[in-house]
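Chain letters run A, B, ... following the sequence lines, proteins first and then strands; every chain starts at 1. When reading the values below, keep in mind they use all heavy atoms of this one structure, side chains included, and skip hydrogens, waters and symmetry mates.
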Amino acid sequence: MAMIEIRNVSKWYGAFQVLKDCTSRVEKGEVVVVCGPSGSGKSTLIKTVNGLEPFQQGEIVVNGTSVGAAKTNLPKVRAQIGMVFQNFELFPHMSITDNLTLAQVKVLGRTREAAVEKGHKLLERVGLLNQKDKYPGQLSGGQQQRVAIARALSMDPIAMLFDEPTSALDPEMINEVLDVMVELAREGMTMMVVTHEMGFARKVAHRVVFMDHGQIVEDCTKDEFFGTPRSERAQAFLSKILHH
Amino acid sequence: MDWKIFLEQAPSGGMTYLGWLWSGLFWTLAVSACAWVLAFTVGSVVGIARTTPLAWARALGTAYVELFRNIPLLVQMFLWYFVMPEVIPKAWGDWLKQDMPNLLTLPFAAQFSLWEFTAAVLCLGLYTASRVAEQVRSGIQSLPRGQVAAGLAMGLTLPQVYRHVTLPMAYRIVIPPMTSEFLTIFKNSSTALTIGVLELTAQSRQISEYTFKTFEAFTAATLIYIVITMTVILLMRTLERRVAVPGYIAQGGGH
Amino acid sequence: MGGEFDWTVIWKYREALWDGMLTSLKLFAIALAGGIFFGTLLALARLSSWKALSLPAAGFVNLIRAIPFIMAIFWFYFLTPMIVSKFTGQQGEAVGPFTSAVVAFIMVESAYYSEIIRAGIQSIPRGQPAAAYALGMTYWQSMGHIVLPQAFRNMLPVMLTQAVILFQDTSLVYVVALKDFLGAASKAGQLTGRIVELYLFVAVVFFILCFAASWGVKRLQARLAVAR
Ligand SMILES: Nc1ncnc2c1ncn2[C@@H]1O[C@H](COP(=O)(O)OP(=O)(O)OP(=O)(O)O)[C@@H](O)[C@H]1O
Ligand SMILES: [Mg+2]
């Protein structure tokens, strides 16, 4: 059974169809990179996986639970899936430590001590333990995104979703975040990553999903995607991305 | 519920209770309109004063705004009506209280005198002027500083720059909040009932006291307030679109 | 004309005036707390995607904001005893004028505060609640821990300014003959004929309190602007 199973998902904003009959899957321990032009529906698709975006047709099953079903306990599903956002979305009114412990305590019911211990261990891992008492606004973008990854990991997720985690960063900060993600991938974390960082895809992705106009145009292994036989649209996209 | 009550003859004014409501609405609008003109005039002067390079003018303007903003409207109403005639020279005070009411009889079954009306207008107008002044000031200050410099560089005097450059732009920015100030006066005018001006709220209470149809009386007045408010908001939207300067900041229509 | 003033009247009626001030302050504190509490609920209702919740909330807020404060006081002064006696079966007199005034003020202030709080909530980027949900938080956890604390922080100066306005508005209970600060002064004025001194005193006291409070808010605003 796949960790994330997306079956014939369609979504509309009023009359505008953002997702058109999308089908894909992410196996346990697999890293899937989602790419495609701006406005193609990548963010929308990845947000349907943990129910941040509702959808009208199709089915998404995460670890055996149907996300779209009315009786599904969404907070419970979300607590199992980590998510990292383009703009970090750390909580600016809380210290770094509190950012890492709030959901552990309130959602998982851990004690404050256990949560702090876990949080600090993860901060150490992303190399930011010395920043534990600062506020998000006092950190650089790259540091904030590493904290955001640590925050997601603090929930002991069974899978991680990334929505363009490096596209809001200055170029010199991109690698510090990618390094954390690569390490995570090598440890066997199940990951679905929206990104235009083709270097990252080459290094750790198992499969690549290419989207355009709300459709999944290609869904193939990394080697197939970067090899020759692929759709014109993906080719055009790749050449633009690689030679800009 | 008994809505026919409004068609019954009221005990005074030679009209029905509905007539009382209309009379109340008339005086609400009359007080509001006069006070608005006063607020606009005084508020403009005070607001402009606060942007001039003259330190004493700025200080006076600031003092005005702080004074009128930090005393409750109702207290100001009492200051104008009860206190002012006692602290000015006695002859003037007596004239206000005794002779002014006889200057003319107010129309439309007013049941109060020109002096109550004047005090209400003064109070509401000068109070609201402090709010208008702040709008005018921030309107002027939101203009790029280069505008004044450009005007002066062309050889215009400072008053000329105000007249031809600063104010025409500032007022276009200020007109939308200015119309909403009318709504503020319109609602605040009900405080005038405390000095005997029988405006809409007072009339509805009077009807309730005479007929015990409180629900009907209050509902009628409330509906009238809502209709007027919505009308003014619609007019305001139209006006805003009219005065928008093409291509200039957030004026709804875009570039 | 200064010679005709008799300022001792204020000292003579100090207890009544102080009691009046306490009534004003009590009304202010209750209306402020209630206004912010119910204002928050109203704001959440208005922002709800559930029409059965958002439409009545919007209707209530716009209705209250369209009528004069005094009209609203009259309304709740009339309705509160009626509704209470309907539920408890007691006579209308069971509800004192202070309770009716409190209800009126809480209702009106919650409408005004809901607009401020709604703007505050809308000023928080959508990514913030999304991040909270993504961590498994419920609607109330996301609101309580993430959105509202930030919204209140952003809105603090505006909310305090509104509090100063509310304090001034408490004087409007004069219209239902409640003895607040202004009411007490008015009563003393009727007994002694010294309304000039008493009303001037009321004006000066209000001015000092409100001016100091506004100044404090301005200072706070400047500090927050730097901190950001
Ligand atoms: N709330 C909304 N209402 C209407 N349309 C929306 C809404 N959110 C997104 N869209 C539209 O849906 C489409 C897909 O948006 P989405 O954010 O998923 O694109 P994306 O592939 O993530 O693009 P980007 O690379 O710019 O992040 C876009 O055309 C966008 O304009
Ligand atoms: Mg996106």
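- Using modelled atom types, no side-chain atom of C/His145 and backbone atom of A/Ala103 make a donor-acceptor pair closer than 3.5 Å.
- In this structure, the portion of A/Ile81 lying under 4.5 Å from any heavy atom of chain C is its backbone and not its side chain.
- C/Gln141 has its side chain out of reach of A/Leu102: every pair of non-hydrogen atoms, C-beta onward, lies at least 4.5 Å apart.
- The structure places NE2 of A/His93 at 10.5 Å from CG of C/Asn154, a figure rounded to the nearest 0.5 Å.
- When heavy atoms are compared at a cutoff of 4.5 Å, A/Phe85 approaches chain C solely by way of its side chain, counted from C-beta outward.
- Of the listed residues A/Val77, A/Asn87, A/Leu90, the one with more heavy-atom pairs under 4.5 angstrom with chain C than any other is A/Leu90.
- Within 6.0 Å of the NZ atom in A/Lys11, the count of heavy atoms belonging to other residues, nucleotides or ligands exceeds 12.
- Remark: C/Phe37 CZ is loosely packed, at most 12 non-hydrogen atoms of other residues, nucleotides or ligands lying under 6.0 Å away.
- Chosen from A/Ser154, A/Pro92, A/Pro157, the residue pairing most often with chain C at heavy-atom distances under 4.5 Å is A/Pro92.
- Counted within 6.0 Å of CZ on C/Phe38, heavy atoms from surrounding residues, nucleotides or ligands total 12 or fewer; the atom is thus considered open.
- Of the atoms belonging to A/Leu74, not a single heavy atom falls under 4.5 Å from chain C.
- Counting non-hydrogen atoms of other residues, nucleotides and ligands closer than 6.0 Å to CD of C/Glu15 gives a total of 12 or fewer.
- The contact between A/Asn50 and chain C is made entirely by side chain atoms (from C-beta outward), counting heavy-atom distances below 4.5 Å.
- Heavy atoms of other residues, nucleotides or ligands lying less than 6.0 angstrom from CD of A/Glu117 number 12 at most.
- Within residues 100-137 of chain C, the residues that have a heavy atom under 4.5 Å from a heavy atom of chain A are C/Gly127, C/Gln128, C/Ala130, C/Ala131, C/Ala132, C/Tyr133, C/Ala134, C/Leu135, C/Gly136, C/Met137, listed by number.
- Within 6.0 Å of CH2 on C/Trp18 lie no more than 12 heavy atoms contributed by other residues, nucleotides or ligands.
- When heavy atoms are compared at a cutoff of 4.5 Å, A/Lys106 approaches chain C by way of both its backbone and its side chain.
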